[in-house]
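All remarks here apply to the structure that follows.
Note that the coordinates shown come from a computational prediction; the quantities given were computed from them, not determined experimentally.
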Amino acid sequence: MKEPSDPVLAYQSLQPGDILTAVESLGFRCDGRLLALNSYENRVYQVGIEGGLPVVVKFYRPGRWSDAAILEEHSFTLELAEQEIPVVAPLARNGTTLHTSGLFRFSVSPCHGGRAPELDDTKLQQQLGRLVARIHRCGELTSFAERPTLDIDSFGYAPHAYLLDNGFIPEDLEAAYDSIADHLFTNIEACFERAAPTRLLRIHGDFHPGNVLVQEQQLHIVDFDDTRMGPAVQDIWMFLSGDRNEQTPQLEKLLEGYEEFRHFDARELYLVEALRTLRIIHYAAWLARRHEDPAFQVAFPWFNTRRYWDEHVLSLREQAALMEEPPLSWNSF
């Protein structure tokens, strides 16, 4: 069978042989064990190594990041690892951390097991807060040159326009969607104004329980694929769950740990619901942009159904109301 000449087609039809060939091109000897890991934006696999521990290989989606942006991500994680922050950084081979095999770009990292953190564990919440603060202390030393900034345009206006311009919103919902979006963007802009001036720093960007591995008392932070410039609170709010009464003590413990290493600007609490809203809008457009990928069609069969869009509009209405409420309380705010 003829090999694909298009990187996108090759990526979508990535085969076990391609994976093993790529890993062995760096001098590893694979033992044939191969396990697909939970990742949709990139293709990520655990690969068994003869006489050693397995490694994790990540194949990068074509067109998502430039080589320079990927290397900047790698550089940041290596910088954090040098400070003994438990991040999983890529391994260097032949003087670089970004490699090619045929049409594929990939990296290889150590394999660390573990489970997702339990969000009601107060000691773990404090530990997470300390780790985030240490990441941010490194993150504020300089700025990214090749990676984007988390802002209203890229996470709000652009994805909103994409969904409308490409016909994803059902025709009879377009007016309601547009109306609620106008309301949302007014509220989001107001939240950012109340939080101003907000300091931007290098952050994880997608820091949620699925990107933390817990093994006994040891934590490892993974997947810096969305690292970018942004406010510190972006790496905190996704660890808050439940209603306001449940989130408040969680926030207390996270920030109690955080402030052991770095001051937290309490004005950023005005951004929590605004950032949550931007994530909801951005997530819908992300699914829409990837809808033709066969892997996405299998993983998200419910996307682009009438029920999905009804629930999406409902969640946006709820966010409009939440942004009009006072921010979460904290003993320093």
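Ring geometry for Phe303 against Phe168 counts as tilted: the plane angle lies between 30° and 60°, on a 0 to 90° scale. Below 30°, between 30° and 60°, or above 60°: for His160 and Tyr177 the angle between ring planes is below 30°, a parallel geometry.
A distance of 6.5 Å separates CG in Leu20 from CD in Glu24, rounded to the nearest 0.5 Å. The distance from the CG atom of Leu26 to the OG1 atom of Thr96 is 10.0 Å, given to the nearest 0.5 Å. With rounding to the nearest 0.5 angstrom, the SG atom of Cys138 is 9.0 Å from the CD atom of Glu82. The CD1 atom of Ile19 lies 11.0 Å from the CZ atom of Phe106; values are rounded to the nearest 0.5 Å.
Between Glu72 and Arg147 no salt bridge is recorded (no basic side-chain N to carboxylate O distance below 4.0 Å). Taking a cutoff of 4.0 Å between a charged side-chain nitrogen and a carboxylate oxygen, Arg267 and Asp265 qualify as a salt bridge. Between Arg134 and Glu84, no side-chain nitrogen of the basic residue sits less than 4.0 Å from a carboxylate oxygen of the acidic one, so the salt-bridge criterion is not met. With respect to Glu79 and Arg202, a salt bridge is recorded, a charged nitrogen being found less than 4.0 Å from a carboxylate O.
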Exercise for review: Apply salt bridge (charged side-chain N to carboxylate O under 4.0 Å, His left out) to the pair Asp226 and Arg228, showing each step before the final yes or no.
Suggested key: CA-CA 6 Å; Asp226 281 297; Arg228 63 191 64 224; 3.4 Å; yes
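Just one residue in the list Arg64, Arg61, Arg43 forms a salt bridge (charged side-chain N to carboxylate O under 4.0 Å, His left out) with Asp225, and that residue is Arg64. With respect to Gln126, the side-chain hydrogen bond (donor to acceptor under 3.5 Å, both in side chains) criterion is satisfied by exactly one of Glu256, Glu252, Lys253: Glu256.
Residues in residues 10-46 take part in these ring pair (Phe, Tyr, Trp, His ring centres under 6.0 Å) pairs, two or more places apart or across chains: Tyr40-Phe300.
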